[in-house]
Protein chains: 2
Amino acid sequence: MSQAFLAKILSAGDLSPADQSLVLRLLDDVRTVAARRDIIRDGERPDHVHVMIEGWACRYKVLRAGPRQITAFLLPGDFCDTHVTIFNEMDHGIAAISESRVAYVPRGRMLELTERPGIARAFWWASLVDEAVLRAWIVNLGRRDAFDRVGHLICELHARLHNVGLADDGTFDMPLTQEELSDALGLTPVHVNRVLKRLREEGLMSFRRRQITISDIAALRAATDFDPIYLHLSKQRVPVPTA
Amino acid sequence: MSQAFLAKILSAGDLSPADQSLVLRLLDDVRTVAARRDIIRDGERPDHVHVMIEGWACRYKVLRAGPRQITAFLLPGDFCDTHVTIFNEMDHGIAAISESRVAYVPRGRMLELTERPGIARAFWWASLVDEAVLRAWIVNLGRRDAFDRVGHLICELHARLHNVGLADDGTFDMPLTQEELSDALGLTPVHVNRVLKRLREEGLMSFRRRQITISDIAALRAATDFDPIYLHLSKQRVPVPTA
DNA sequence: CGGAATGTTGACAGTCATCAACACTAGTGG
DNA sequence: CCACTAGTGTTGATGACTGTCAACATTCCG
């Protein structure tokens, strides 16, 4: 599964073979994290960063009044928290959603590697992609109604999973509860439930037993105004609607 | 005004004097952009990146159905679009809000500079800060009501402007219309207007003639649950509530 | 098997959007 | 310098989308 990480980092451009093997060797300390357990907590000052190897995780922030907002889903191959390489303190938490395998990379090794321009650039590139995803998330929350919002997120997850080989056509496993979905979308679980029902009734997609089935990707993308450009997967696989 | 940029990039850590002067020399081509004019458009493939020297700009995305979402405000010292150093195509537009002075940096020079580890790391750091701001924006849109949302954004802008020396105590110039505010907050202009009225009535802040006056920063921050940690300004000035 | 977590549905309420009219401001041209 | 007009701000009435509360069904897991 660590080829997901490799594939991502490599698509940053032209890592020399030497750099490639250095990057791969970052992943020698892989640990298992149980589902629904924190990988790192808000306010911590860890001495290592994490890379998702297998499973799903999420970034989240809990407000004083209680509500939670998920700001990102982390899939195999994603860096969880490169910022602790540079910042001293986490400003949010990261939790495993499904049982996951996570690589632990000492902060010092990250800093060492960034002495190499190619690698520093690759890490930077990864951050820039994350930024683009965050911007799309903002657009989703700010300017789409609940229906489009849910559909758009599913399209994004589908594209990203497909990119790392974890989604065929229109089917993939999604270990999220409706409550977690609602925390990501700025909605309530009840309303997410209703929207899912409508998506099902309209024949666009269904979510049953932790599995997503998109009946007609092109239709869902059109309905929810999804354009995968922002994922910047150009050098990798992008699922093309079979239109 | 370019000391804003310098201050930001320098706080990335330890740029050597040589690196510092290289970075500063990036800013030799500064042009003026009129208010409300695009600095760069969605879909363009420019051959240079932009740095804000003076004035305000915003990132925005226009959806097919028409509504606009602003995903970031760009203040003096901010990179506008480092991603074009690496990606080929803009996935959103950037527009000047007030008349602005903007440095144009050829893409090639950016790539050259990233051959130097210290500089690559500094650029990376800037991206990581942007990411943190985007995450806070998502939390704002997803989990705060209109009232807290407006107040929180004002707190953020105040902290950022103070950081580059453009805000004293609780006063600063903000060249935004209520419509632009609403595009940033995922609200309608009408509702932003009502919220501003309430903020005024409750004695927290006012917005008149393009000027923000925060009567009681500590109170506004408390009311809207603002914690400046996410701005990662630690090495720079952070406005401390006079409580 | 049984209890807890998750999903589902309905009734009702509230926030915010929409529509519309009018006031004010600012910039333009005569 | 004033008049004029477009843009921006303000306020009210109305309605839609989404949240809240609550009950019950279903699934998951020890």
Side-chain angles (χ1 to χ4, degrees), chain A residues 34-37 56 63 65-70 95-99 140-153 173-202 205-213 224, chain B residues 34-37 56 63 65-70 95 97-99 140-153 173-201 205-213 224:
Chain A
R36 268 76 199 186
R37 279 265 300 283
W56 287 44
L63 295 191
R68 178 171 89 146
Q69 177 66 42
I70 289 174
I97 288 175
S98 54
E99 176 170 302
N140 215 21
L141 288 175
R143 289 298 181 212
R144 274 192 266 265
D145 67 16
F147 186 81
D148 288 1
R149 211 130 110 201
V150 174
H152 193 275
L153 176 61
D173 291 324
M174 185 169 85
L176 300 176
T177 63
Q178 293 183 1
E179 181 169 20
E180 285 160 339
L181 261 184
S182 74
D183 283 343
L185 293 163
L187 299 168
T188 55
V190 172
H191 202 244
V192 166
N193 183 288
R194 292 189 229 272
V195 167
L196 287 173
K197 181 182 180 187
R198 217 185 108 207
L199 282 163
R200 214 181 308 133
E201 288 169 352
E202 300 198 3
M205 53 157 280
S206 72
F207 178 35
R208 287 271 191 233
R209 319 184 129 273
R210 309 279 120 110
Q211 190 174 48
I212 292 282
T213 307
T224 63
Chain B
R36 268 77 200 184
R37 281 265 300 284
W56 288 44
L63 296 191
R68 177 171 90 145
Q69 176 67 41
I70 289 175
I97 288 175
S98 54
E99 176 170 302
N140 214 20
L141 288 174
R143 290 296 182 215
R144 274 193 267 264
D145 66 17
F147 185 81
D148 289 359
R149 213 132 109 198
V150 173
H152 193 275
L153 176 61
D173 291 325
M174 184 168 85
L176 300 175
T177 64
Q178 293 183 1
E179 181 170 20
E180 286 161 338
L181 261 183
S182 74
D183 282 343
L185 293 162
L187 299 168
T188 56
V190 172
H191 203 244
V192 165
N193 182 287
R194 292 191 228 271
V195 167
L196 287 173
K197 181 181 180 187
R198 218 186 108 205
L199 282 163
R200 215 181 307 134
E201 289 170 352
M205 54 155 281
S206 72
F207 177 35
R208 287 273 191 231
R209 322 184 127 273
R210 307 279 121 110
Q211 189 174 48
I212 292 283
T213 307
T224 63

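Worth knowing before you read on, the calculation uses all heavy atoms, side chains too, and leaves out hydrogens, waters and symmetry mates.
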In whole Å, I'd like the distance from the CZ atom of B:Phe147 to the P atom of C:dG14. 19 Å
Does A:Arg36 reach a base, just sugar-phosphate, or nothing at all? Heavy atoms under 4.0 Å. nothing
Comparing A:Arg143 and A:Leu176 on DNA chain C - which has the more 5′ nearest nucleotide: A:Leu176
Measure from CG on A:Asp183 to C1' on C:dT6 and round the result to the nearest Å. 14 Å
Please work out if A:Arg194 contacts a base, only the sugar-phosphate, or nothing of the nucleic acid, heavy-atom cut-off 4.0 Å. base
With nearest nucleotide decided by heavy atoms, which residue, A:Arg209 or A:His191, maps closer to the 5′ end of DNA chain D? A:His191
Could you tell me the separation between the CG atom of B:Leu185 and the P atom of C:dA17, rounded to a whole number of Å? 10 Å
Rounding to a whole Å, what distance do you find between B:Arg198:CZ and D:dG9:C1'? 19 Å
Tell me: CZ of B:Arg200 to P of D:dG9, nearest whole Å? 11 Å
Under 4.0 Å: is that the gap between some side-chain N or O of B:Gln178 and OP1 or OP2 of D:dT10? yes
Run the side-chain contact (heavy atoms from CB on, under 4.5 Å) test on B:Arg36 and B:Ile97 for me, step by step, so that the C-alpha distance in whole Å, both residues' side-chain angles and the decisive distance to 0.1 Å come before the verdict. CA-CA 5 Å; B:Arg36 268 77 200 184; B:Ile97 288 175; 3.9 Å; yes
Classify A:Arg210 by what it touches in the nucleic acid, base, sugar-phosphate, or nothing, heavy-atom distance under 4.0 Å. sugar-phosphate
Hey, are the side chains of A:Leu181 and A:Leu187 touching, using non-hydrogen atoms and a 4.5 Å cut-off? no
Starting at CG of B:Leu196 and ending at P of D:dT8, how long is that distance when rounded to a whole Å? 15 Å
At less than 4.0 Å, is any side-chain N or O atom of A:Lys197 found next to OP1 or OP2 of C:dT8? Yes or no. no
Would you say the side chain of A:Leu141 lies within less than 4.5 Å of the side chain of B:Gln69, judging by non-hydrogen atoms? no
Counting the atoms with a prime plus P, OP1 and OP2 as sugar-phosphate, which does B:Leu187 contact under 4.0 Å by heavy atoms, base, sugar-phosphate, or nothing? sugar-phosphate
Report yes if a side-chain nitrogen or oxygen of A:Arg208 is closer than 4.0 Å to either non-bridging phosphate oxygen (OP1 or OP2) of C:dT8; otherwise report no. yes
Specify the separation, in whole Å, of atom CZ of A:Arg144 and atom P of D:dT18. 13 Å
Please round to the nearest 0.5 Å and tell me the distance separating atom CG of B:Leu176 and atom CD1 of B:Ile70. 7.0 Å
Does B:Arg149 reach a base, just sugar-phosphate, or nothing at all? Heavy atoms under 4.0 Å. nothing
What contact category does B:Thr188 fall into here, base, sugar-phosphate, or nothing, at under 4.0 angstrom with non-hydrogen atoms? base
Does any part of the side chain of A:Leu199, heavy atoms only, come nearer than 4.5 Å to the side chain of A:Met205, both counted from C-beta? yes
Kindly point out which of D:dG12, D:dG9, C:dT6 is positioned nearest to the side chain of B:Asn193? D:dG9
